Each structure stands twice: as structure tokens, then as C-alpha cells.
Amino acid sequence: MDFKDYYSALGVARDAGDDDIRKAYRKLARKYHPDVSKEADADAKMREINEARDVLQDKEKRAAYDQLADHVARGGSPDGGFRQPPPGWDQGYEFHRGPSQGPADHADFSEFFSSIFGNRGGMGGGAQRGPQHRERGEDHHAAIEISLEDALHGAERQLSLRAQEIDEQGRPRLVDRTLDVRIPAGVRPAQYIRLAGQGLPGHGGEAAGDLYLEVRIAPHRLYRIEGNDLYMTLPVTPTEAALGAHVTVPTPAGAQVDVTIPKGARSGMKLRLKERGLPGKTPGHLYLLLEIALPPADTDAARAAYEQLAKAKPSFNPRQHLGA
Amino acid sequence: MRAVTTVIESAPLSVRELARAVGAEDQWVLRLVEVEILHVDTPNEPPERWHFRSADLQRALAARRLERDFGANLDTAALILDLQSELRRLRALMGAHGLA
């Protein structure tokens with residue numbers, strides 16, 4: 001595990017004030033926001049700066065991190081390798097979750113972050129609360145990527161999560177756990193699956209929070225998802241496009257259906273198979289995008305056929321609209 | 001461990017549940033409805049009868065992040081979320097026409 005330099009992640013000096021950190025974070029968050037960023041590693045960068053901001057904008061976490069950074073600078077290995085914080089490194093510091101922090105923040109943070117703050121109340125602050133304190137556990141968030149087939153037909157999946165648990169002394173600690181998750185048939189991308197009682201543990205006998213899993217669907221070799229609709233490129237021959245044809249296509253539900261290609265079809269033409277997209281209260285459609293595939297002119301017969309076609313349509317000029 | 005699984009669409013969230021899911025107070029959710037970040041099917045019913053689905057949870061989480069990361073007030077967050085939705089709609093449209 002590498003030691004993470006949160007100051008260089010945000011591009012600020014060690015003595016940067018809160019305002020400098022806020023400004024640096026906002027500038028980078030705009031640069032790497034997934035909706036606008038063209039950078040290939042935008043997601044990873046966004047996680048990195050979120051993590052750095054989380055530590056450096058919290059006085060207690062920052063002071064403890066600085067102390068640890070000093071310790072590593074004095075005795076750390078030359079390659080920056082980092083195993084675990086030394087015993088007692090955080091003595092005197094308490095980590096509390098600020099009121100403005102959302103529940104999903106720490107789910108994506110690094111192992112380095114977890115090794116420092118994860119077992120010291122950084123994900124809920126339970127260790128600092130008295131024994132009489134009663135509070136329902138916080139809800140937790142994660143994402144699950146499934147195949148289109150699993151989304152359509154339902155499935156059972158195992159999910160490995162790093163989660164918080166309360167030990168015998170009442171202190172929170174991180175543990176790895178495995179959950180068997182039932183993916184209901186018909187689930188759609190960006191829907192949330194709720195797992196009751198699988199969030200953070202409650203305090204004083206109160207119930208645990210819930211776990212929310214955001215459904216993501218892995219790219220499919222045939223279908224592209226747009227909302228409830230699916231898109232598939234359907235190659236057709238020039239003859240099928242020109243004269244019309246009946247072709248068989250696979251649907252995501254597993255059935256094969258006959259589709260009529262109209263006479264004079266063009267590349268890019270869209271055919272709709274009603275309600276053959278994602279199922280649901282309002283089922284999506286399956287759109288077929290026609291793509292004309294040219295037979296290769298790799299035999300005398302094929303070359304002769306192309307020449308014959310050119311002779312049969314001497315006035316055909318696909319560049320007429322260009323004035324050429 | 002086998003967990004009880006529910007898709008939000010089949011058991012929508014109450015104001016309280018949505019607030020908990022985003023680490024906020026109930027009042028904050030009511031503000032989201034007021035600034036039209038969230039839309040409820042039955043605005044004339046009392047908030048105890050309101051229900052929220054996955055898209056609402058996604059927008060509430062996004063609003064929470066905008067508020068925290070950029071200090072955006074909820075009116076500004078509402079505008080940004082609407083612009084994001086429009087951006088995604090246009091990108092999807094471009095994708096559907098093979099222009100993405």
C-alpha cells in the first residue's frame with residue numbers, strides 16, 4: 001500500500017488554509033467531473049481528490065494525517081511503501097463525521113484511507129459516543145455491475161464489501177464480508193436495490209441502516225442501452241437493402257424474431273421492435289440500426305457483378321448533393 | 001449472508017427513508033421538493049404520504065454532493081441538475097443517431 005500525499009493530490013502546500021483547500025478542490029472537481037471531463041482517468045482522479053479533501057478539510061483528520069506523514073518521512077522506506085500506521089500515531093485525535101458529509105463518501109476511498117480512519121470512528125464516530133447513546137445505523141451505498149442478461153432474467157450474485165462492525169469494546173472496525181444478493185428480473189440501470197439492515201450498525205440496540213446498491217449494466221456485445229430502449233446494429237446486404245427482405249434477429253429476451261427490411265433501406269435507418277427492450281411498467285423498445293455490409297470484390301464473379309451493377313445504373317451519383 | 005432485496009421501484013421510499021439514505025434531515029428533503037429538484041406525484045397530500053423512487057434518490061444524492069463540494073445552494077443545484085439531465089438526454093439522442 002502506498003502512502004498517499006493528499007497535499008499534492010490537491011496541489012496545495014502543507015500550510016494551505018481551509019480556503020485554499022476549498023478552492024483547489026473545486027477547481028479540480030470541475031476538471032474531473034464525470035459529466036464534463038475528457039480525461040481518461042477522471043473517475044479515479046475524482047475519487048483521489050474527494051479523499052484528499054475529506055481528510056484535509058477536517059481539522060482532526062488533517063492533524064492526525066500530518067503527524068503520520070511526519071512519522072513516515074522520518075522512518076518510512078525510501079520507496080514510499082506504507083503498511084500500517086504505527087501504534088499510538090493518532091493519540092489525542094477523534095474523528096467525527098461532519099453534518100454536511102453524505103453517506104456514500106467513504107465507500108470508494110482507498111485502502112490507505114481505511115487503514116488510517118476506517119477503524120477509528122471515521123465512518124460514523126461511534127467510538128466516541130456514550131453507552132446510553134441510541135441511534136439507528138447510517139445507510140450505506142455501493143454499486144453493483146451486472147450483465148444485461150442478469151437484469152432481464154434475474155440472478156443471484158455474491159457481493160464482497162468492506163463494512164463496519166462494532167467490536168466487543170463497542171468500537172467500530174472494518175471487516176470484509178460477502179453478501180448473497182438476489183437481482184430481481186427486470187431491474188434497470190440506475191435503479192437502486194435496497195438491502196434492509198445491511199448498512200452501518202446501530203448504536204445502543206438500535207437497528208442497522210440499509211445498504212443501497214446502484215445497478216449498473218456492463219457493456220453488451222450486441223445491445224446498447226438508452227433509458228428503457230435497446231439499440232442493436234443490424235448488418236444487411238446491399239441486395240436486402242435495395243430489394244427488401246425478411247431476416248431473423250435475436251432479441252434480448254432470447255427469442256428470435258423475423259424482421260422485414262423495407263425496399264430501398266438505407267444505412268442508419270432505424271427499425272423499431274415494439275416493447276422488445278427492457279421490460280417494466282412501460283417496456284422499452286428494441287431499435288435496429290441498419291448498416292449495409294458490402295460483399296468483398298475478391299473473386300472474378302464478384303467483381304463482374306459490381307461492374308454489371310455500375311453499368312445498370314450509370315447515372316447513379318451518391319455525391320450529387322456535394323455538387324461533385 | 002443472504003440479504004432481503006427490494007428494488008426501490010417496487011417499494012418506494014418515504015420522506016424519512018430518503019432523508020436517511022442521503023444522510024440528511026427530513027426538512028432537507030422537503031426543501032428539495034420545494035425547489036423542484038424532486039417531484040412528487042401527489043403534492044397536495046401531506047409529506048407523510050409522499051413516495052420517492054430510484055431517480056429521486058439519485059437526484060437527492062447529486063444535490064447533496066453539489067451542496068457539499070461546491071457550496072451550491074439548492075436553487076443553483078436544481079438548475080445544475082436540470083442542465084445535467086438535458087446534457088444526458090442530448091448525448092443519448094446523439095448516440096441513437098450514431099453521432100456519439
Side-chain angles (χ1 to χ4, degrees), chain A residues 22 25-26 29-30 33 35-36 49-50 53 97-105 136-141 156 159 177-184 186-188 190-199 209-215 224 226-227 229 231 233 267-268 270 280-281 287 289 291, chain B residues 1-14 16-25 27-28 52-73 77 80-100:
Chain A
R22 194 176 306 114
Y25 171 79
R26 288 180 182 175
R30 280 185 65 192
H33 192 284
D35 276 330
V36 292
I49 62 172
N50 275 335
R53 188 275 313 268
R97 173 180 225 153
S100 63
Q101 288 176 280
D105 297 325
R136 179 186 178 275
E138 287 177 29
D139 291 346
H140 206 58
H141 292 253
E156 295 270 349
L159 184 67
R177 63 173 175 157
T178 305
L179 278 177
D180 290 322
V181 179
R182 185 178 60 81
I183 311 292
V187 72
R188 295 179 179 192
Q191 284 189 337
Y192 286 82
I193 294 174
R194 183 182 180 185
L195 305 177
Q198 301 297 330
D210 298 336
L211 171 64
Y212 288 90
L213 294 177
E214 184 190 347
V215 175
R224 186 166 52 82
E226 295 288 352
D229 300 327
Y231 286 79
T233 300
S267 258
K270 205 159 64 170
K281 203 169 164 185
Y287 288 98
L289 292 170
E291 184 184 78
Chain B
M1 183 188 296
R2 192 187 164 86
V4 178
T5 310
T6 327
V7 177
I8 289 184
E9 273 48 38
S10 61
L13 303 177
S14 65
R16 182 87 273 260
E17 288 170 323
L18 180 63
R20 276 181 185 154
V22 299
E25 299 295 325
Q27 281 303 318
W28 189 80
F52 301 96
R53 295 176 174 80
S54 292
D56 300 314
L57 174 56
Q58 200 170 46
R59 279 174 75 83
L61 283 168
R64 197 86 175 133
R65 282 193 286 269
L66 286 169
E67 203 179 46
R68 181 200 59 195
D69 297 348
F70 296 101
N73 66 33
I80 293 169
L81 290 174
D82 286 349
L83 291 172
Q84 274 182 344
S85 298
E86 183 64 5
L87 183 68
R88 284 171 193 155
R89 191 186 69 79
L90 291 172
R91 281 181 178 162
L93 203 60
M94 285 171 71
H97 288 86
L99 299 171

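All heavy atoms count here, side chains included; hydrogens, waters and symmetry mates do not. Keep in mind that this is a model prediction, so the values were computed, not measured. Lettering of chains follows the sequences in order, A, B, ..., and the numbering in each one begins at 1.
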Region of [X] in contact with chain B, defined by heavy-atom distances below 4.5 Å:
X	answer
A/Gln191	both
A/Tyr231	side chain
A/Ile193	both

**Item:** A/Arg30, CZ atom: more than 12 neighbouring heavy atoms under 6.0 Å
**Value:** no
**Message:** For B/Gln27, is the CD atom crowded, meaning more than 12 foreign heavy atoms sit under 6.0 Å from it?
**Reply:** no
**Fill in**
Assert top hit (heavy-atom pairs under 4.5 Å, partner chain B, pool A/Lys270, A/Arg136, A/Arg22) equals A/Arg136
Does any backbone or side-chain atom of [X] lie under 4.5 Å from a heavy atom of chain A? Answer side chain, backbone, both or neither.
X	answer
B/Leu93	neither
B/Arg88	side chain
B/Ile8	both
B/Glu25	neither

**CA sep, side-chain torsions, deciding dist, call: B/Glu17, A/Asp210, side chain to side chain contact (heavy atoms under 4.5 Å, CB included)** = CA-CA 10 Å; B/Glu17 288 170 323; A/Asp210 298 336; 5.8 Å; no
**Message:** Walk me through whether B/Leu61 and A/Tyr212 qualify under side chain to side chain contact (heavy atoms under 4.5 Å, CB included).
**Reply:** CA-CA 12 Å; B/Leu61 283 168; A/Tyr212 288 90; over 6 Å; no
**Message:** What I want to find out is whether B/Glu9 reaches A/Arg188 closely enough, with some N-O distance under 4.0 Å, to be called a salt bridge.
**Reply:** no
**Presence of salt bridge, B/Asp69 and A/Arg53, under 4.0 angstrom** = yes
Least distance between heavy atoms, [X] atom then [Y] atom:
X	Y	value
B/Gly71	A/Arg26	N-NH2, 3.3 Å
A/Ala29	B/Phe70	CB-CZ, 3.5 Å
A/Pro184	B/Val7	CG-CG2, 3.3 Å
A/Ala190	B/Gln58	CB-NE2, 3.8 Å

**Message:** With a 3.5 Å distance limit and no angle check, can you tell me whether A/His141 reaches the backbone of B/Val22 through a side-chain donor-acceptor pair?
**Reply:** no
**Message:** I'd like to know whether B/Arg65 forms a side chain to side chain contact (heavy atoms under 4.5 Å, CB included) with A/Asn50, so could you lay out the CA-CA distance, the side-chain angles of the two residues, the decisive distance to 0.1 Å, and finally the verdict.
**Reply:** CA-CA 11 Å; B/Arg65 282 193 286 269; A/Asn50 275 335; over 6 Å; no
**Fill in**
The reported gap from OG in B/Ser10 to CZ in A/Arg194 (rounded to nearest 0.5 angstrom) is 10.5 Å
